[in-house]
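Single-structure report; data block below.
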Amino acid sequence: MGASHSIALPTDTITLHSNPKPLAFSHTTQSRLQNPLLKFNPTNQIFQTLLKTMSQPSLVSPLKGGKVGVRETQEGSSTRPINVDGIDQELVEKMVYDALVWSSIHGLVVGDRSVQRSSTVPGVGMVHAPFALLPMPFPESQLKQAYELAPIFNELVDRVSLDAKFLQDSLSRTKKADPFTSRLLDIHSKMLEINKKEEIRLGLHRSDYMLDEQTKLLLQIEMNTISSSFAGLSGLVGKLHRSLLSHYGEFLGLDFKRIPDNAPVSQFSAALSRAWTEYNNPRAVVLFVVQTEERNMYDQHWLSVTLKEKYPFISTIRKTLAEIDAEGKLLPDGTLVVDGQVIGIVYFRAGYAPTDYPSESEWRARLLMEKSSAIKCPSISYHLAGTKKIQQELAKPNVLERFLDDKEDIAKLRKCFAGLWSLDDLDIVRKAIEKPELFVMKPQREGGGNNIYGNDVRETLVKLQKEGSEANAAYILMQRLFPSASPTFLMREGICYKDDAVSELGVYGAYLRNNEKVVLNDQCGYLMRTKVASSNEGGVAAGFAVLDSLYLT
């Protein structure tokens with residue numbers, strides 16, 4: 001552990017004090033201009049493996065009187081692309097304060113987990129969403145690559161969703177090992193039995209990537225086809241960072257214009273509007289399917305409010321799966337009615353995890369919606385197309401050719417594929433047992449906090465081998481990616497942490513098709529998530545990461 005540090009703050013100033021003696025900082029404008037904070041050059045520092053021990057983060061925390069204090073508990077790393085220790089601490093305090101004010105008045109908020117009703121009653125117990133105080137450097141060429149991939153992945157998901165045999169065959173063994181996937185496949189099978197066709201298909205997707213330091217490649221982590229979250233809040237973080245840099249950028253050597261425009265909430269709402277128009281029923285509303293308790297409700301409300309403001313003729317309602325079961329019915333022509341209102345679009349912000357189905361009521365609701373003529377976002381086939389097992393199957397040789405004709409598109413997708421393997425591959429399983437730090441073991445789950453890392457990979461694989469059952473079909477193995485780590489400041493619940501961090505880029509995509517006509521197929525902006533380098537998982541809502549924006553290099 002490093003020496004313990006604390007900060008004593010006079011009003012409107014911040015001075016770092018450490019044991020055993022204070023560190024002095026000049027507060028002149030010239031010293032700020034010379035301050036190396038956030039040159040944000042890509043680093044040569046590599047976050048190598050789980051086996052490399054990472055220290056506890058430093059901490060900036062509120063003190064009495066609303067002042068800011070820092071507790072440092074981490075040894076300095078040998079390579080620092082940003083001289084965090086040389087930052088003018090008065091400047092840090094001002095940026096922290098301004099960022100918290102900005103977040104509060106611009107709706108960059110989530111429910112406060114310490115307030116009981118914060119996940120059910122809007123406006124009660126709000127706290128700023130976790131965010132990075134400053135943007136993360138990212139190569140402009142790699143962002144362009146990710147944007148170019150989005151329409152290709154959109155088209156791929158649609159093509160895969162139409163191949164019922166591929167979905168059923170690829171997930172047949174997983175069905176035996178994973179009860180949740182089995183129930184989803186049962187609904188899919190019932191739709192096949194009644195010859196249910198989705199004439200209008202809407203996908204609001206997000207493809208997640210990491211920039212692998214070892215290969216220098218942008219590699220895909222996963223494709224999200226259900227509840228692609230943070231379209232509402234991600235754009236706000238870029239605006240926050242632009243605001244901070246417009247005031248403090250000259251002191252930091254940063255240009256706010258290097259933060260790209262990002263408005264996924266506007267593009268998602270436009271896609272929902274186009275889908276509503278294609279449904280062609282002026283009385284229809286958009287149904288948001290939500291969890292009973294949802295601390296991330298404001299991200300969802302940003303989308304519904306933007307939809308109402310830009311398209312005032314479209315109404316939205318929010319219902320849980322249980323409420324849909326109690327209030328929903330199908331008319332003879334297949335129209336879905338919930339609480340007396342015709343549903344044109346079903347937009348899922350729940351239903352992606354087993355915990356969303358605590359009883360048969362929720363499964364009845366899912367089946368009811370699937371049988372209806374409402375546009376599902378996603379349909380059951382789109383949902384299945386986003387499973388980890390399908391991702392692994394698509395990475396096999398010659399499989400993409402089953403769905404796509406353009407050889408250049410296929411080559412672009414393959415370039416971003418990380419190593420993906422079935423647990424039927426005994427040679428890979430052996431290698432994963434020998435060097436588990438090089439692999440991630442993934443179940444068929446969404447939402448963060450589900451993956452297996454490090455020695456747990458070895459233990460789980462050995463256990464599955466001893467059992468000799470079908471249970472291994474519930475998982476896939478993926479190459480572990482190692483992005484470079486950069487020191488930065490992470491804000492969570494009013495506390496500013498200083499630590500080495502790694503980032504993950506998500507690119508949103510919208511796809512709308514009416515029979516043979518592609519109405520919309522485009523990228524819709526990005527989500528940047530940053531987490532401490534010592535953390536395996538990366539979900540914001542799951543508590544592992546913070547929202548971030550890009551500083552193009």
Side-chain angles (χ1 to χ4, degrees), residues 99-131 204 226-240 263-270 272-273 276 285-328 338-341 343-353 355-356 358 362 365 377 447-448 491-494 527 539-543 545-547:
L100 292 175
V101 171
W102 194 100
S103 301
S104 300
I105 64 177
H106 288 87
L108 181 55
V109 295
V110 294
D112 185 345
R113 67 177 72 246
S114 67
V115 179
Q116 184 176 0
R117 296 194 299 156
S118 67
S119 60
T120 56
V121 183
V124 173
M126 292 185 291
V127 65
H128 71 86
F131 63 84
L204 297 179
I226 182 169
S227 189
S228 299
S229 60
F230 291 114
L233 298 185
S234 58
L236 290 176
V237 181
K239 291 180 179 179
L240 165 63
V265 67
S266 295
Q267 292 170 275
F268 268 18
S269 63
L272 286 167
S273 171
W276 182 89
V285 303
V286 178
L287 169 64
F288 280 53
V289 183
V290 298
Q291 294 174 334
T292 305
E293 296 184 350
E294 177 58 86
R295 292 182 61 246
N296 197 31
M297 71 169 78
Y298 302 102
D299 177 59
Q300 302 166 8
H301 283 302
W302 267 113
L303 184 53
S304 60
V305 168
T306 302
L307 186 65
K308 292 176 185 177
E309 289 180 347
K310 290 193 172 186
Y311 315 97
F313 44 87
I314 302 176
S315 297
T316 64
I317 62 173
R318 293 169 62 87
K319 297 288 182 181
T320 65
L321 286 166
E323 288 171 335
I324 294 166
D325 178 51
E327 303 170 9
V338 177
D339 194 21
Q341 299 185 80
I343 306 301
I345 302 172
V346 177
Y347 173 52
F348 285 94
R349 290 303 294 261
Y352 55 82
T355 51
D356 290 335
E362 288 77 15
C377 182
M491 295 290 304
R492 184 181 291 277
E493 297 182 348
L527 165 69
V540 176
V546 302
L547 299 171

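A 4.5 Å side-chain heavy-atom check between Lys239 and Trp102 finds at least one atom pair inside the cut-off. No side-chain heavy atom of Thr316 sits under 4.5 Å from any side-chain heavy atom of Leu303. Between Arg349 and Arg318, the closest side-chain pair of non-hydrogen atoms is not below 4.5 Å. By the 4.5 Å heavy-atom criterion applied to side chains, Val285 and Ile314 are not counted as neighbours. Leu204 has its side chain within reach of Leu272: a pair of non-hydrogen atoms, C-beta onward, lies under 4.5 Å apart. Residues Ile317 and Ile343 meet the side-chain proximity criterion, which asks for heavy atoms closer than 4.5 Å. Proximity of Val338 to Glu323: side-chain heavy atoms (C-beta onward) are nowhere separated by under 4.5 Å. Looking at heavy atoms from C-beta onward, Val546 lies in side-chain contact with Arg492 at the 4.5 angstrom threshold.
The CD atom of Glu327 lies 9.5 Å from the CD atom of Gln341; values are rounded to the nearest 0.5 Å. Distance CG/Leu527 to CG/Leu547: 6.5 Å, rounded to 0.5 Å. Here CG of Leu108 is found 9.5 Å from CH2 of Trp302. Values are rounded to the nearest 0.5 Å. Atom CZ in Arg117 sits 13.0 Å away from atom CG in Asp112 (nearest 0.5 Å). Glu293 CD to Arg113 CZ: the interatomic distance, rounded to the nearest 0.5 Å, is 12.0 Å. Expressed to the nearest 0.5 Å, how far CD of Gln291 lies from OG of Ser227 amounts to 7.5 Å.
For the residue pair Leu236 and Gly107, the shortest heavy atom distance occurs at CD1-O, 3.6 Å. Ser304 and Phe288 make their closest contact through CB-CZ, 3.8 Å (heavy atoms, listed as atom of the first residue, atom of the second, distance). Nearest heavy atom pair, residue Pro264 against residue Ala231, reads CG-O, 3.5 Å. Contact between Phe131 and Ser103 at its shortest, heavy atoms only, is CE2-OG, 3.4 Å.
In the displayed structure, Gln116 atom CD is contacted under 6.0 Å by at most 12 heavy atoms of other residues, nucleotides or ligands.
Looking only at distances, a side-chain donor or acceptor of Asp356 sits under 3.5 Å from a matching main-chain atom of Gly351. Using a distance-only test at 3.5 Å, with no hydrogens or angles considered, no donor-acceptor pair links the side chain of Ser273 to the main chain of Ser269. Without hydrogens or angle criteria, Tyr298 side chain to Gly123 main chain gives a donor-acceptor distance under 3.5 Å. Judged by distance alone, with hydrogens and angles left aside, the side-chain atoms of Asp325 form no donor-acceptor pair with the main-chain N or O of Glu362 at under 3.5 Å.
Only one option out of Asp339, Val346, Val290, Val289 pairs with Lys319 in a side-chain contact (heavy atoms from CB on, under 4.5 Å); it is Asp339.
Relative ring orientation between Phe313 and Trp276 is described as tilted, the plane-to-plane angle lying within the 30° to 60° band.
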Check the pair Phe230, Asn296 against side-chain contact (heavy atoms from CB on, under 4.5 Å), reporting the backbone distance first and the verdict last. CA-CA 9 Å; Phe230 291 114; Asn296 197 31; 3.6 Å; yes
